[in-house]
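See below for the structure under consideration.
Computed from heavy atoms alone, side chains included, the values below leave out hydrogens, waters and symmetry copies. Here the structure is a predicted model, which is why all the values come from computation and not from measurement.
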Amino acid sequence: MGFSSVTFLFYFFPATLIAYFVVPRGSRRILLLAASYGFYLWGSPTGAAILIVSTILDFILARAMLSVHPGTKRRLVLASAVTINVLILFYYKYSNFFVGEINHALARFNITAIPWTAVLFPLGISFITFHKISYLADIYNGTAPPARRLIDYALYLALFPKLLQGPIMRYGPLAREIAKPESGLENAFEGAVRFCVGLGKKVLIADALGPVVDRVFLLESPSLTVGYAWIGAVFYAFQIYFDFTGYTDMAIGIGRILGFSITENFNRPYISRNFTEFWRRWHITLGAWFREYLYIPLGGNRAGVARTYLNLWIVFFVSGLWHGANWTFIVWGLFHGFFIFLDRVFWIEKSKKFPAALNVSITFLLLVVGWVFFRSDTIGGAFAYLGRMFEFWNIHAIGTTVLPAQLVGNREAFMLVFAAAVSFFPDPWWRALRNAARIRVKEGHLAALKAVTAFILLLLSVISLLNNSFNPFIYFRF
């Protein structure tokens, strides 16, 4: 049940909202937890069962960790709790991949394959696991208070706006709001506006670009020209950004309506001048999680230059593997790790001599190349696609039976131009525009403008949804 589905928009969310504001304040946590479990149960019954059982186990282990003296025993309890969660993640997300790779290797030596029944992957398990590990580690380090009641911890994990795709939030900042959500008319209004903006990003932009990506990546080699290959990769770069940032906007909007402050997760990443800056702007909470719970525990940059670089490579290897059980994601992670490494070695200092526009252009083109690994089904397919993208010497010799109009329609072309304009609009101009709006437009008029804009986006999005098939969010699989 995605946020952009008819079921969510017309049934689940309205019913949840009505019930949430009708029941007594003391019962809202119970209602919200029941709604969140129902939301998860709708799309992933197995995942919901695992979530409920593991939530109880985490709560017990966190209490046990605090009941022993600091030292070896406390570390042992922490290690046990984290290991259990990692093993659950590994089994459900990676066992199919690793058994498949082992069987593939065994087949080369004519050895009987390991008998195996494919495991069904619960939605959002990666995000849920990272929330759980951050809670356990924060309790161990004393940087967050333990949940006083099981329902508080359960709601932290299962809160449906952030359940399936994040943002990844630590328990501490959310604990006070779980106890007493800051709901009100202003929050509800701003949250509704933010939700409509996110819905528009997803339905009107990302879903319009998606069919072009699908058509290009399905082209057979003789029809995949250099130009078409670049079209598919560039369209995908904007599709995945507006798909994911659209989800985040909707999550933040829903959270604000309910009285929760959900963390920002994107800050216009395509204006980044290097990969280091990109990871400060893209999926911000994931980058923060890896820095806090993997990079720093590994030693960060405190153990010398060589160890710092090794730690960076480990982080980006794990980041790629976290995104999916496929060599394509691992290579994507290492691809980013390589350019982060170059940033550290020389590129950030070297690039200061170049115009910002040139740095942004170089970074974006490299990001587009990286997205090919992310989109491709196999590593061989990814390299074949990239080979065609850079086959410039053969640009006139590639025959094709596919016309440009068959791949890109007027709506898709317009949305690409609009997406690029929004993505690359310079930050200083953006800030100046917002400041001018605050100064020159009266508060009441600004609220009215927001309301009208939100209503138009909602109306157009609903019309598009009713006229087209439902497209799930790309990051649902993670």
*Please lay out, stage by stage, how Phe242 and Phe418 fare under the test side chain to side chain contact (heavy atoms under 4.5 Å, CB included).*
CA-CA 11 Å; Phe242 281 91; Phe418 180 79; 5.9 Å; no

*So does Asn141 have more than 12 non-hydrogen atoms from other groups sitting under 6.0 Å from CG?*
yes

_Main-chain N/O of Ile348 paired to Asp343 side chain as donor or acceptor, under 3.5 Å_ = no

*asked:* Under a 3.5 Å distance rule, please check whether Thr129 uses its side chain to pair with a backbone N or O of Ile125 as donor and acceptor.
replied: yes

*asked:* Is the distance between the ring centroids of Phe364 and Phe238 under 6.0 Å?
replied: yes

*Measure across Pro161 and Ile254 and return the closest heavy-atom pair with its distance rounded to 0.1 Å.*
CG-CG2, 3.5 Å

*Would you check if the side chain of Thr453 reaches a backbone N or O of Leu449 as a donor-acceptor pair within less than 3.5 Å?*
yes

*Give the C-alpha distance, both sets of side-chain angles, the deciding distance and a yes or no for side chain to side chain contact (heavy atoms under 4.5 Å, CB included) between Asn96 and Trp116.*
CA-CA 8 Å; Asn96 293 334; Trp116 184 255; 2.9 Å; yes

_Lys/Arg N to Asp/Glu carboxylate O, Glu277 vs Arg280, below 4.0 Å_ = no

_Does Leu57 form a side chain to side chain contact (heavy atoms under 4.5 Å, CB included) with Ile84? I'd like the steps, not just the answer._
CA-CA 9 Å; Leu57 185 59; Ile84 289 169; 3.9 Å; yes

*Parallel, tilted or perpendicular for Phe278 and Trp371, by the 30°/60° rule?*
perpendicular

*Of the options Phe338, Phe339, Phe341, Phe354, which is the one that meets Trp347 in a ring-ring contact (aromatic ring centres under 6.0 Å, His included)?*
Phe354

_I need the Ile252 CD1 to Glu190 CD distance, nearest 0.5 Å._
12.5 Å

*Any donor-acceptor pair under 3.5 Å linking the side chain of Glu177 with the backbone of Ser261?*
yes

*Would you say the side-chain atoms of Trp279 and His336 include a donor-acceptor pair closer than 3.5 Å?*
yes

*Check the angle between the aromatic planes of Trp322 and Phe290 and answer parallel, tilted or perpendicular using the 30° and 60° thresholds.*
perpendicular

_Tell me the closest heavy-atom pair linking Leu298 and Arg307, and the distance in Å._
O-NH2, 3.1 Å

*If you round to the nearest 0.5 Å, how far is CD1 of Ile362 from CG of Leu367?*
12.0 Å

*asked:* Closer than 3.5 angstrom, by distance alone: can the side chain of Tyr270 be matched with the main-chain N or O of Ala237 as a donor-acceptor pair?
replied: yes

*So, for Phe316 and Phe335, is the gap between ring centers shorter than 6.0 Å?*
no

*Determine yes or no for a side-chain-to-main-chain donor-acceptor pair under 3.5 angstrom, with Arg215 supplying the side chain and Leu407 the backbone.*
yes

_Does Phe10, at its CZ atom, have more than 12 non-hydrogen atoms belonging to other residues, nucleotides or ligands within less than 6.0 Å?_
yes

Which atom pairs, donor and acceptor, lie under 3.5 Å between side-chain atoms of residues 39-51 and protein residues at least two apart or in another chain?
{"residue": "Tyr40", "atom": "OH", "partner": "Leu123", "partner atom": "O", "Å": "2.6"}
{"residue": "Ser44", "atom": "OG", "partner": "Gly47", "partner atom": "N", "Å": "3.3"}
{"residue": "Ser44", "atom": "OG", "partner": "Leu123", "partner atom": "N", "Å": "3.4"}

_Working to the nearest 0.5 angstrom, can you tell me the gap between Thr245 OG1 and Arg268 CZ?_
11.0 Å

_Minimum-distance pair of heavy atoms, taken over all atoms of Thr328 and Ile379_ = CG2-N, 3.5 Å

*Taking all non-hydrogen atoms of both residues, which atom of Leu159 and which atom of Ser36 are closest, and how far apart?*
CA-OG, 3.6 Å

_Could you tell me if Lys162 sits above the aromatic ring of Tyr156, with its cationic atom closer than 6.0 Å to the ring centre and no more than 45 degrees from the axis?_
yes

*Are the side chain of Arg388 and the backbone N or O of Leu224 linked by a donor-acceptor pair below 3.5 Å?*
yes

*Using distance alone, with no hydrogens and no angle criterion, decide if Tyr236 and Asp243 have a side-chain donor and acceptor under 3.5 Å apart.*
no

*Over 60° means perpendicular and under 30° means parallel, so classify the ring planes of Phe13 and Phe8, tilted if in between.*
parallel

_Can you confirm whether more than 12 heavy atoms, excluding those of Phe455, are under 6.0 Å from its CZ atom?_
no

*Check Asn265 against Leu286 and note the closest heavy-atom contact, atom names and distance.*
OD1-N, 4.5 Å

_Using only atom types and a distance under 3.5 Å, with no angle test, would you say the side chain of Asp138 pairs donor to acceptor with the backbone of Ala144?_
no

*Keeping the roles fixed (side chain from Ser319, backbone from Val315), state whether a donor-acceptor pair exists under 3.5 Å.*
no

_Parallel, tilted or perpendicular: rings of Phe3 and Phe195 (30°, 60°)_ = tilted

*asked:* Show, in sequence, the C-alpha distance, side-chain angles and deciding distance for Ser351 and Arg273, and conclude whether the side chain to side chain contact (heavy atoms under 4.5 Å, CB included) test is met.
replied: CA-CA 8 Å; Ser351 63; Arg273 290 163 293 181; over 6 Å; no

_For Phe374 together with Phe329, are the ring centres under 6.0 Å from each other?_
yes

_I need the minimum non-hydrogen distance between Val203 and Arg411, along with the two atoms involved._
O-NH2, 3.9 Å

*Is it true that atom CH2 of Trp327 has more than 12 heavy atoms of other residues, nucleotides or ligands lying nearer than 6.0 Å?*
no

_Using modelled atom types and a 3.5 Å cut-off, is there a donor and acceptor pairing between side-chain atoms of Asn311 and backbone atoms of Gly300?_
yes

